[in-house]
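Quick notes on the structure that follows.
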Amino acid sequence: MKTLHLILLSLFSICTEMSLQGNVLRTNNKHTSSRIDACRRGDIWLRIHRNNIQECKCKRNAICYDVRTKECATNKCLNGGSCAKHLYSKDYICRCPEGYLGKRCEIDNKSHCINDKGKDYRGTRDYTVSGKECLPWDSFAVLRRKYNALRYNALKLGLGSHNYCRNPGRDKKPWCYVQGSMYREYCDIPKCEKVESKCGQREYKINKIVGGNKAAIESHPWQAALYLIDRRSKSPYFKCGGSLIQSCWVLTAAHCIDPRISHSLYYVTLGKSSINETSKNDQTFAVEKIISHESFNGDTFDNDIALLKLKSQNGMCAIESKFVHPICLPSKHLILPENTQCEISGYGMEIEFSPFYSKILKEARVNLISQQKCRSPEYYGKKLTENMLCAAHRNWKEDACKGDSGGPFVCENNGRMHLYGITSWGDGCARKNKPGVYTRVSNYIQWIEKNMI
């Protein structure tokens with residue numbers, strides 16, 4: 001029985017390897033050799049060839065031809081990869097961003113060092129301290145051991161159809177199994193140097209939401225788009241904006257979150273210039289956890305703040321680029337003077353009574369209004385609490401509007417952009433003496449830090 005069990009494991013390993021190699025022709029992984037040169041009769045797989053997606057079938061030789069695909073209903077690709085599904089089968093393939101490999105873009109070809117014990121290491125070191133070559137995690141010898149490519153959580157642990165060093169347990173550093181030994185060996189991977197955070201920096205400044213101008217996402221790389229999947233139609237629709245504050249964390253407004261709806265029906269996209277188009281710069285994530293402020297008041301919009309934890313399957317979430325970059329949080333003591341010019345951005349309505357949201361990211365400059373002025377009867381009176389701030393265009397021509405909720409209100413301080421506010425509410429859009437109202441983020445720094453665990 002034991003022999004039969006091992007034979008079945010071996011056969012299952014072969015089948016698994018065939019299913020995992022959908023895009024091997026562009027990975028150049030020496031452990032996933034070209035199936036064009038040596039395919040098994042009956043194999044069917046997808047590949048990317050000259051930027052087209054092809055289906056290949058192995059008879060005596062491999063025959064490949066272009067096929068029609070559509071965007072996957074759920075993006076199965078990691079690290080900003082885009083997912084394309086065969087129109088007439090369940091097979092899919094990932095277009096990986098530069099530097100990432102594997103069926104699901106789970107291998108980081110640029111990673112040459114480890115943080116802490118290297119639990120999240122996804123690089124390509126494939127030999128041990130003694131110079132021995134690592135065994136593939138889906139090889140026959142490894143399938144009999146505790147950690148292998150067929151584990152239920154293999155992808156989360158970084159295991160797959162490769163032989164790269166990983167730390168799937170709680171060892172002191174990454175390791176791998178080696179040939180001719182009953183024991184595993186450690187891999188000698190250097191520690192990463194600690195790099196100072198570069199939050200709040202961007203490649204382009206803005207040039208102007210109601211009355212605003214079309215914005216380049218590079219000017220607002222912290223901008224997030226929050227989507228909700230309709231439970232009946234199963235189709236996603238745009239809900240609110242948000243701001244990336246760390247790789248796996250986004251801040252938004254509490255009124256954007258329906259507490260009756262499961263977090264699993266929300267997802268977040270970063271790097272997006274248009275809400276109805278996809279691009280290679282997009283990074284999409286499921287939401288693992290939602291934390292709305294426990295004292296949020298849906299009538300007054302006081303404490304209008306919520307945290308979204310992005311779901312990662314390989315220890316990382318947002319990959320920084322000129323299109324995706326975190327915004328700095330302000331000091332809890334930061335108070336900017338009246339008339340300080342700040343920026344808002346979002347995908348909301350372009351005019352107050354528009355039936356549609358803007359299809360593109362827009363931006364505007366607005367000036368801070370003092371609390372005293374904004375709490376006067378001419379403005380909002382007692383509706384304004386100390387957890388809110390006001391800002392408007394000098395001529396009341398530009399403002400946030402419906403759909404911009406949850407998005408960033410950012411101001412420059414000490415050479416970096418800081419998330420000074422979260423778009424919350426207002427009386428109409430771009431109305432005189434009715435400025436936009438924003439959640440004062442500096443009042444919630446301790447709350448944010450306590451909940452980001």
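Only a predicted model underlies this, so the values are computations on that prediction, with no experimental measurement involved. In this chain, residues are counted from 1 in sequence order.
Using a 4.5 Å heavy-atom cutoff, the side chains of Tyr121 and Tyr164 are not in contact. Side-chain contact between Glu343 and Glu412 is absent, with no heavy atoms from C-beta onward closer than 4.5 Å. Contact check for Leu307 versus Trp249: side-chain heavy atoms found under the 4.5 Å cut-off. Annotation: side chain of Pro326 is not in contact with side chain of Gln246 (no heavy-atom distance under 4.5 Å). Side-chain contact between Ile327 and Pro408: absent, with no pair of heavy atoms (C-beta onward) separated by less than 4.5 Å. Arg95 is listed as a side-chain neighbour of Ile53, based on a closest heavy-atom distance under 4.5 Å. The side-chain heavy atoms of Val142 and Pro136, taken from C-beta on, include no pair separated by under 4.5 Å. Looking at heavy atoms from C-beta onward, Ile257 lies in side-chain contact with Leu226 at the 4.5 angstrom threshold.
Checked by atom type and distance alone, the side chain of Gln283 pairs as donor or acceptor with a backbone atom of Ile319 at under 3.5 Å. Formation of a donor-acceptor pair under 3.5 Å by the Gln371 side chain with backbone atoms of Met388 is found in this model. Counting only distance, with no hydrogens or angles, the side chain of Arg125 and the backbone of Arg166 share no donor-acceptor pair below 3.5 Å. Remark: the backbone N or O of His255 is paired with a side-chain donor or acceptor of Asp304 at under 3.5 angstrom. Judged by distance alone, with hydrogens and angles left aside, the side-chain atoms of Asp171 form no donor-acceptor pair with the main-chain N or O of Pro174 at under 3.5 Å. Although no hydrogens or angles enter the test, the distance criterion places no donor-acceptor pair under 3.5 Å between the side chain of Asp404 and the main chain of Thr423. Between the side chain of His162 and the backbone N or O of Asp126 there is no donor-acceptor pair closer than 3.5 Å. Looking at Arg202, its side chain never comes within 3.5 Å of a backbone N or O of Trp222 through a donor-acceptor pair.
Residues passing the salt bridge (charged side-chain N to carboxylate O under 4.0 Å, His left out) test with Lys373 are Glu338, sequence neighbours excluded. Residues forming a side-chain contact (heavy atoms from CB on, under 4.5 Å) with Asp116 (at least two apart in sequence, or on another chain): none. Listed by chain and number, the residues in a ring pair (Phe, Tyr, Trp, His ring centres under 6.0 Å) with Tyr127 amount to none (sequence neighbours excluded). With sequence neighbours excluded, the residues satisfying side-chain contact (heavy atoms from CB on, under 4.5 Å) with Leu334 are Pro330, Ser331, Leu336, Asn413, Tyr420. Considering only residues two or more places apart in sequence or on other chains, Tyr380 meets the ring pair (Phe, Tyr, Trp, His ring centres under 6.0 Å) condition with Trp425. Here His86 pairs with nothing under the ring pair (Phe, Tyr, Trp, His ring centres under 6.0 Å) rule; sequence neighbours left out. Arg232 pairs by the side-chain contact (heavy atoms from CB on, under 4.5 Å) definition with Asp230, not counting sequence neighbours. Under the side-chain contact (heavy atoms from CB on, under 4.5 Å) criterion, Ile229 pairs with Pro236, Leu265, Tyr267, sequence neighbours left out.
The only option from Thr439, Thr300, Asp302 that meets the side-chain hydrogen bond (donor to acceptor under 3.5 Å, both in side chains) definition with Asn387 turns out to be Asp302.
A disulfide is not assigned to Cys83 and Cys77, since their SG atoms are no nearer than 2.5 Å. Cys187 has its SG atom 2.5 Å or further from the SG atom of Cys134.
Listed by first then second residue, pairs satisfying disulfide bond (SG atoms under 2.5 Å apart) with a partner in residues 251-289 read Cys240-Cys256, not counting sequence neighbours. Identified under the salt bridge (charged side-chain N to carboxylate O under 4.0 Å, His left out) test for residues 439-448, with sequence neighbours left out: none. Residue pairs satisfying the salt bridge (charged side-chain N to carboxylate O under 4.0 Å, His left out) criterion with at least one member in residues 376-391, sequence neighbours excluded, are listed as follows: Arg375-Glu386.
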Are Cys374 and Cys390 close enough, and set up right, to give a disulfide (SG to SG under 2.5 Å), and what steps lead you there?
-> CA-CA 7 Å; Cys374 205; Cys390 295; 1.9 Å; yes
Audit row: Tyr266, Ile261, side-chain contact (heavy atoms from CB on, under 4.5 Å) steps and yes/no | CA-CA 9 Å; Tyr266 290 92; Ile261 296 177; 4.0 Å; yes
Which pairs would a plain distance check flag for residues 287-296, meaning a side-chain donor or acceptor within less than 3.5 Å of a matching protein atom at least two apart in sequence or in another chain?
{"residue": "His293", "atom": "ND1", "partner": "Ser295", "partner atom": "N", "Å": "3.0"}
{"residue": "Glu294", "atom": "OE1", "partner": "Trp447", "partner atom": "NE1", "Å": "3.1"}

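Other residues, nucleotides and ligands place no more than 12 heavy atoms under 6.0 Å from the NZ atom of Lys70.
Under a 4.0 Å N-O distance rule, the pair Lys103/Asp91 qualifies as a salt bridge.
The two residues Lys272 and Tyr347 come nearest to each other via the heavy atoms O-OH, 2.6 Å. Of all non-hydrogen atoms in Pro221 and Ser219, the two that sit nearest each other are CD-C, 3.4 Å.
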